[in-house]
Chemist: 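Please read through the structure below; I'll follow up with questions.
Since the model is a prediction, treat every value here as computed from it, not as a measurement. Computed from heavy atoms alone, side chains included, the values below leave out hydrogens, waters and symmetry copies. The first residue in the sequence is number 1, and the count goes up from there.
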Amino acid sequence: MKLAYGSDFAYRDPAGQPVASNGAYGKPSYARGGLSNVWGASVLPYRTEDMSDWPITAGDLAPHYRAVLAMMPFAARHDGLEEQFPLYHDNPGRLGGSAQAEALLRDLELHATRLSARGVRFGASRLAVQADGGSGKPGCVHCGMCLYGCPYEFIYNSAFTLEKLRGNSAFTYSPGVVVEQLEEVSSQVEVTGRKIDGAESFKMRADTVFVACGVLSTARIMLASLDAFEQPIHALDNCYFLLPLMRYRGQPDASRERLHTLAQVFIEMVDPAVGSRRVHLQVYTYNELLREEMARMMGPLRTVLPMIQRSVLGRLLLVQGYLHSDMSSRIRIVLKRGRDGASPSLDLSGDPNPLTEPALAALRRRLWAERGALKAVPISRMIRVGLPGRGFHTGGTFPMRAHPGPFEVDVLGRPHGFTRVHVVDSSVFPSLPATTITLSVMANAHRIASAASA
């Protein structure tokens, strides 16, 4: 579990909202800023080809990608990714890549034409990080602390936007409350909930409600609002996995280099043997967590073989990958009534997809086949595949449809039977492309809110 400055506050439940998991991973966040307190800051848009079952296209999201990228710091390069994944930004900042990452990119570039013909695109990672050259402000100092929490707050956190909104007299932020149910009454929406510091309940009225609580908390609110207790729904997921790569040549000073430790390189792959959908790979280079893991694996030998350890760390890369939801397991969600006045329980269970293992096996074979371009080989036996939900790329519980039915929403996120409630987080995604989810969640929320407010 990734912590923020050593704290697990982003995952704590101060509200007493029970979640039971069996073969699935579920951690709703009640923190200010939510899971953006601990995210990896990777941002890449969706492509229409991976959204074939959506009632909208990537073109519909395009102006909203541009709008939300203007709200946050953004570091990116003009490279081979841009043809298929527009930057949607006129002046991105640029982060220096690690020596390992730059060497990998140079090797891939030597084979770029062949890789492109074989469905592989690559480039520098795109990150919601303040970098020199973006806005004229000071940027990342490459202190290597990214995975612990940026001490300079250069990694975007949605709490930063919240603070800006709090300066607007038309905006009110109410911390310490839990929304439990929504009901449309006449021309308004009645919001019911309670304060977390006691049993005191509250009600308020609004002309329009936008629900953006994250998949699990949104499911809890909407199922209760629909009185759909004991009614199973399913969340989609991007299968999350970690796979080490060992480069032929290493960077001997990798452990002493000044660098950022977020994703350094993106690789996007379409391979019929893996599936019809794109696979997204984020490549990480040296960081202290890799060194600690290697020391743990070496046991007592770590004190007598430091040269070997340094040599291996200079060659070791870590791929964090995601599969499209079509090739990933789902999560079955059931809201169960609480007993004796207790809060309802959200029960999660994994729903395996038979396509997942063959897809991962085909991907490992493909990476082995591309070892000449990567100048690296996958260490296939060390692959780690997360439980459904472990990668926090989850959604689709109330999917958008052109003509929605029960437990579905229209293109403005309005659930069947509602006219003034708009669900705007990833709960409304009909499928989950493998490329990073957060940017598209923000863009789609901006699209819905813009249209609903027009």
Chemist: Contact between His422 and Thr208 at the side-chain level, heavy atoms closer than 4.5 Å - yes or no?
Modeler: yes

Chemist: Minimum heavy-atom separation for Asn238 to Ala434, with atom names?
Modeler: ND2-CA, 4.0 Å

Chemist: Roughly how far, to the nearest 0.5 Å, is CZ of Phe122 from CG of Asp79?
Modeler: 8.0 Å

Chemist: I'd like to know if Arg194 and Glu180 make a salt bridge, using a cut-off of under 4.0 Å between side-chain N and carboxylate O.
Modeler: yes

Chemist: Which pair of heavy atoms, one from Val274 and one from Val279, lies closest together, and at what distance?
Modeler: CG1-CG2, 3.7 Å

Chemist: Looking at Tyr286, is its backbone amide N or carbonyl O close enough to the side chain of Gln100 to form a donor-acceptor pair, meaning the two atoms are under 3.5 Å apart?
Modeler: yes

Chemist: If you draw the axis of the six-membered ring of Tyr173, does the NZ or CZ of Arg166 fall within 45° of it and under 6.0 Å from the ring centre?
Modeler: no

Chemist: Which atom names give the shortest non-hydrogen contact between Pro55 and Met400, and what distance separates them?
Modeler: CD-O, 3.6 Å

Chemist: With no hydrogens and no angle check, do the side chains of Tyr322 and Gln320 hold a donor and an acceptor under 3.5 Å apart?
Modeler: yes

Chemist: Is a donor on one side and an acceptor on the other found under 3.5 Å between the side chain of Asp207 and the backbone of Gln188?
Modeler: no

Chemist: Any side-chain to backbone donor/acceptor pair from Thr436 onto Thr438? Under 3.5 Å, distance only.
Modeler: no

Chemist: Verify the distance criterion only: is there a donor paired with an acceptor across the side chains of Arg220 and Gln181 at less than 3.5 Å?
Modeler: no

Chemist: Quick one: does any side-chain atom of Ser426 pair with a main-chain N or O of Thr394 as donor and acceptor, under 3.5 Å?
Modeler: yes

Chemist: Check whether any side-chain heavy atom of Val179 lies under 4.5 Å from a side-chain heavy atom of Thr192, and answer yes or no.
Modeler: no

Chemist: Check whether any side-chain heavy atom of Arg366 lies under 4.5 Å from a side-chain heavy atom of Arg118, and answer yes or no.
Modeler: yes

Chemist: How far apart are the C-alpha atoms of Val189 and Phe418, what are their side-chain angles, what is the distance that settles it, and do they pass the side-chain contact (heavy atoms from CB on, under 4.5 Å) test?
Modeler: CA-CA 10 Å; Val189 183; Phe418 288 83; over 6 Å; no

Chemist: Side chains of Asp237 and Arg330, heavy atoms from C-beta outward: is any pair under 4.5 Å?
Modeler: no

Chemist: Please step through side-chain hydrogen bond (donor to acceptor under 3.5 Å, both in side chains) for the pair Arg121 and Ser116, ending with a clear verdict.
Modeler: CA-CA 6 Å; Arg121 297 295 179 107; Ser116 178; 3.2 Å; yes

Chemist: Taking the side chain as everything from C-beta on, heavy atoms only, tell me whether Cys146 gets closer than 4.5 Å to Leu262.
Modeler: yes

Chemist: Quick one: are His446 and Val424 in side-chain contact, heavy atoms under 4.5 Å?
Modeler: no

Chemist: Can you tell me how far the CG atom of Leu323 sits from the CG atom of Asn353, to the nearest 0.5 Å?
Modeler: 9.5 Å

Chemist: Identify the heavy atoms of Ser98 and Gln264 that sit nearest to each other, and give their distance.
Modeler: N-OE1, 3.1 Å

Chemist: For Lys2, I'd like to know if atom NZ has over 12 heavy atoms of other residues, nucleotides or ligands within 6.0 Å.
Modeler: yes

Chemist: Do Arg277 and Ser52 have side-chain atoms, one donor and one acceptor, less than 3.5 Å apart?
Modeler: yes

Chemist: Could you check whether Asp425 and Thr218, counting side-chain N and O atoms only, form a donor-acceptor pair closer than 3.5 Å?
Modeler: yes

Chemist: If only side-chain N and O atoms count, and only distance matters, is there a donor-acceptor pair under 3.5 Å linking Tyr148 with Thr261?
Modeler: no

Chemist: Under the salt bridge (Lys or Arg N to Asp or Glu O under 4.0 Å) test against Arg278, which residue among Asp50, Asp271, Asp326 passes?
Modeler: Asp50

Chemist: What distance separates His324 NE2 from Ser276 OG, expressed to the nearest 0.5 Å?
Modeler: 7.5 Å

Chemist: Quick one: do Glu102 and Arg106 make a salt bridge, cutoff under 4.0 Å?
Modeler: no

Chemist: Any chance CZ of Arg332 has more than 12 other-residue heavy atoms, nucleotides or ligands included, within less than 6.0 Å?
Modeler: no

Chemist: Give a yes or no on whether the backbone of Gly350 and the side-chain of Ser329 come within a donor-acceptor separation of less than 3.5 Å.
Modeler: no

Chemist: Please determine whether side-chain contact (heavy atoms from CB on, under 4.5 Å) holds for the pair Tyr25 and Tyr240, giving the CA-CA distance in whole Å, both sets of side-chain angles, and the decisive distance to 0.1 Å.
Modeler: CA-CA 11 Å; Tyr25 188 91; Tyr240 161 85; over 6 Å; no

Chemist: Quick check: closest heavy atoms across Leu432 and Ser325, and the distance to 0.1 Å?
Modeler: N-OG, 2.9 Å

Chemist: Any side-chain donor paired with an acceptor under 3.5 Å for Thr419 and Glu184?
Modeler: yes

Chemist: Considering only heavy atoms from C-beta outward, does the side chain of Arg339 approach that of Pro344 to under 4.5 Å?
Modeler: no

Chemist: Using atom types as modelled and distance alone, determine if a side-chain donor or acceptor of Asn37 lies under 3.5 Å from a backbone N or O of Gly34.
Modeler: yes

Chemist: State which residues pass ring-ring contact (aromatic ring centres under 6.0 Å, His included) with Tyr88; sequence neighbours excluded, sorted by chain then number.
Modeler: Tyr65

Chemist: Distance check, rounded to the nearest 0.5 Å: Arg205 atom CZ versus Glu183 atom CD?
Modeler: 8.5 Å

Chemist: Does Asn22 CG have over 12 foreign heavy atoms under 6.0 Å away?
Modeler: no

Chemist: Taking atom CD of Glu83 as the centre, report whether more than 12 heavy atoms of other residues, nucleotides or ligands fall under 6.0 Å from it.
Modeler: no

Chemist: How long is the gap from CG on Leu281 to CG on Leu318, to the nearest 0.5 Å?
Modeler: 11.0 Å

Chemist: Does Tyr46 form a side-chain contact (heavy atoms from CB on, under 4.5 Å) with Thr435? I'd like the steps, not just the answer.
Modeler: CA-CA 6 Å; Tyr46 287 169; Thr435 46; 3.3 Å; yes

Chemist: Got a second to check how far Asp13's CG is from Gln17's CD, nearest 0.5 Å?
Modeler: 6.5 Å

Chemist: Any idea which heavy atoms bring Gly96 and Arg77 closest together, and the distance?
Modeler: C-NH2, 4.4 Å

Chemist: With a 6.0 Å cut-off (strictly less than), is the heavy-atom count around OH of Tyr152, excluding the residue itself, greater than 12?
Modeler: no

Chemist: Please walk me through it: do Ser431 and Trp54 pass side-chain hydrogen bond (donor to acceptor under 3.5 Å, both in side chains)?
Modeler: CA-CA 7 Å; Ser431 61; Trp54 289 45; 3.0 Å; yes

Chemist: Evaluate the side-chain contact (heavy atoms from CB on, under 4.5 Å) criterion for residues Phe229 and Val334: first the C-alpha distance (whole Å), next the side-chain angles of each, then the deciding distance (0.1 Å), finally the verdict.
Modeler: CA-CA 7 Å; Phe229 292 91; Val334 179; over 6 Å; no

Chemist: Just by distance, no angles: are the side chains of Ser36 and Asn157 close enough, under 3.5 Å, to form a donor-acceptor pair?
Modeler: yes

Chemist: Is the backbone of Phe266 close enough, under 3.5 Å, to the side chain of Ser125 for a donor and an acceptor to pair up by distance?
Modeler: no

Chemist: Would you find a donor on one side and an acceptor on the other, under 3.5 Å apart, between the side chain of Asp60 and the backbone of Thr57?
Modeler: yes

Chemist: So, are Glu163 and Arg32 salt-bridged, with charged N and O less than 4.0 Å apart?
Modeler: yes

Chemist: Do the non-hydrogen side-chain atoms of Val423 and Phe398 ever get within less than 4.5 Å of each other?
Modeler: no

Chemist: With a 3.5 Å distance limit and no angle check, can you tell me whether Ser29 reaches the backbone of Ala10 through a side-chain donor-acceptor pair?
Modeler: yes

